[in-house]
Amino acid sequence: MSVLNKIALKILSNGKGILAADESNGTMTNRLESVNVPSTPENRLLFRETLFSSDGMKDFIGGVILYDETINQTSRSKKSIPELISISGAVPGIKVDTGAKVLAGSNEEKITEGLDGLRERLQIYYKLGARFTKWRGVYNISDKFPSKLSIQSNAHALARYSALVQECGMVPIVEPEVLMDGDHSAEICLKKTTEVIKKCFEELMIHKIDLSGIILKPNMILAGTTSNKKTSSEEVAKFTLKCLKESVPLEVPGIAFLSGGQTEIEATKNLNLINRYNDTNFIMTYSYGRALQQSALKFWSKNIKDINGTQKVFNHRANMCTLAAQGKWSVELEPK
Ligand code: 13P
C-alpha cells in the first residue's frame, strides 16, 4: 500500500467523511452576511474553530479542507489550526486552486486557475501540516454546455494539479463539479457528468497519476434546480452509481460527494441510498460544505457565545452523514 493510498483510506474509512470548510473569503462573507454576522477574520476563525474542536470530529470526520487564511491562523488554545485538526485524528487538507475564471474561447464557461507557482505553494502547505488538497473544476449544463473546450481544459488542469500534489507527497481531491443550475433532466446530468469524469481520468492517466492515491469529489446525478421534475432518492442513487461505474477506474479508493446546494436532509438521504445500493468496491462518502455547516451556522449566528450548543448541532449533522456513508441513516433519527 502506497503512502498516498494510506492517507486516502485514513480520510475515508469507517464511514468518516470530509468537512469542506474551504470557502474563500468572498464565499464565506456571503454565508456569514446571510445570517447577519460581520465577516471578519476573527469571526471566520471563531466559527470554524468551533467546528474543528467539537467531539464529532473524532468519530465522524476523516479530513478537513481549509482555505489559505485558516491554515495560517492560530486557535484560542494557541494551537495551529492543522494541529487542532490532527489532534482529533482527522487529516488537514487545503484548497489550492485560485478560483474559476472566464474561459477564453467560450466566455460563458469557466476554467479553474492556480497552476502558476503551485509547486512552491504546495511545499509551504505540506510544512504547515496539510496532507491532502482540493482543486475544483466547474461545468454548466445547457444545450451547448459543457463544451469540448471546457471538458478538455479543466481535465488537463486537474491532471497537472494532481501530478504536482502527488510529487509533494499529498493526496489530490479531484473535483469536477457539474452544477445543478438549469432545467435539465437527471438523464442529461448523467450523460454530461459521465463524459466530464471520463475525460478527467483520461488526462490523469496521461499525467501518470497514482490513481490509488486520489479522492474523486463529484456531484450526485440530479435534475437541474429549475426542472419541473424532482429526482427521487432512488433515482439519484441509481443514476449516480451508473455514472461512477462507467467512468471511474477500479484503482480509485474512494469517492466523496459534494452537496452542491442540496438541503442537509436531501444530501444525507441520497448518500444513504447510494450506499445501500453500492455494489462497487469504491468507498462512497461525503465531502460536504453547506450540507454539514448550514444548521450549525444558523444556530451560531443567533447564539454566538454558545460554543457547546453550536457543536451539538454540528455533531448531529456529521453523525447523520456518517450513518448515511454506511447506509444506516433513517429519517426517524432526525429531530422533529
Ligand atoms: P458544498 O457541499 O457546499 O457543495 O461544498 C463542497 C465543496 O467543497 C465545493 O467545492
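Ligands are counted one by one from 1 in listed order, and the atoms in each one are counted from 1 as well. Keep in mind the model is a prediction, meaning the values are calculated, not measured. Values reported hereafter were calculated over all heavy atoms of this structure, with side chains retained and with hydrogens, waters and symmetry mates removed.
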Identify each donor-acceptor pair in which a side-chain atom of residues 280-287 lies under 3.5 Å from a protein atom, sequence neighbours left out, and give them as a table.
from : atom 1 : to   : atom 2 : distance (Å)
T280 : OG1    : N278 : OD1    : 2.6
T280 : OG1    : F282 : N      : 3.1
T285 : OG1    : K16  : O      : 2.8
Y286 : OH     : F60  : O      : 3.0
Y286 : OH     : T322 : OG1    : 2.8
S287 : OG     : K217 : NZ     : 2.8

Side-chain donor-acceptor pair present, E49, Q73, cut-off under 3.5 Å: no
Option from E108, Q152, E109 for which side-chain hydrogen bond (donor to acceptor under 3.5 Å, both in side chains) with S147 holds: E109
Any side-chain heavy-atom pair of L128 and N72 under 4.5 Å: yes
Can you give me a line-by-line list of nitrogen or oxygen pairs between ligand 1 and the protein shorter than 3.5 Å?
from     : atom 1 : to   : atom 2 : distance (Å)
ligand 1 : 2 (O)  : S259 : N      : 2.9
ligand 1 : 2 (O)  : S259 : OG     : 2.5
ligand 1 : 2 (O)  : G289 : N      : 2.8
ligand 1 : 3 (O)  : R290 : N      : 2.8
ligand 1 : 3 (O)  : R290 : NE     : 2.7
ligand 1 : 4 (O)  : G260 : N      : 2.7
ligand 1 : 4 (O)  : R290 : NH2    : 3.1
ligand 1 : 8 (O)  : K134 : NZ     : 2.7
ligand 1 : 8 (O)  : K217 : NZ     : 2.7
ligand 1 : 10 (O) : K134 : NZ     : 2.6
ligand 1 : 10 (O) : E175 : OE1    : 3.2
ligand 1 : 10 (O) : E175 : OE2    : 2.9

Per-pair distances, 0.1 Å, donor-acceptor, side chain in residues 247-259, under 3.5 Å, sequence neighbours excluded:
from : atom 1 : to   : atom 2 : distance (Å)
S247 : OG     : C243 : O      : 2.8
S259 : OG     : A291 : N      : 3.4

For F299, the rest of its hydrophobic cluster, which grows through side-chain links under 4.5 angstrom: V313
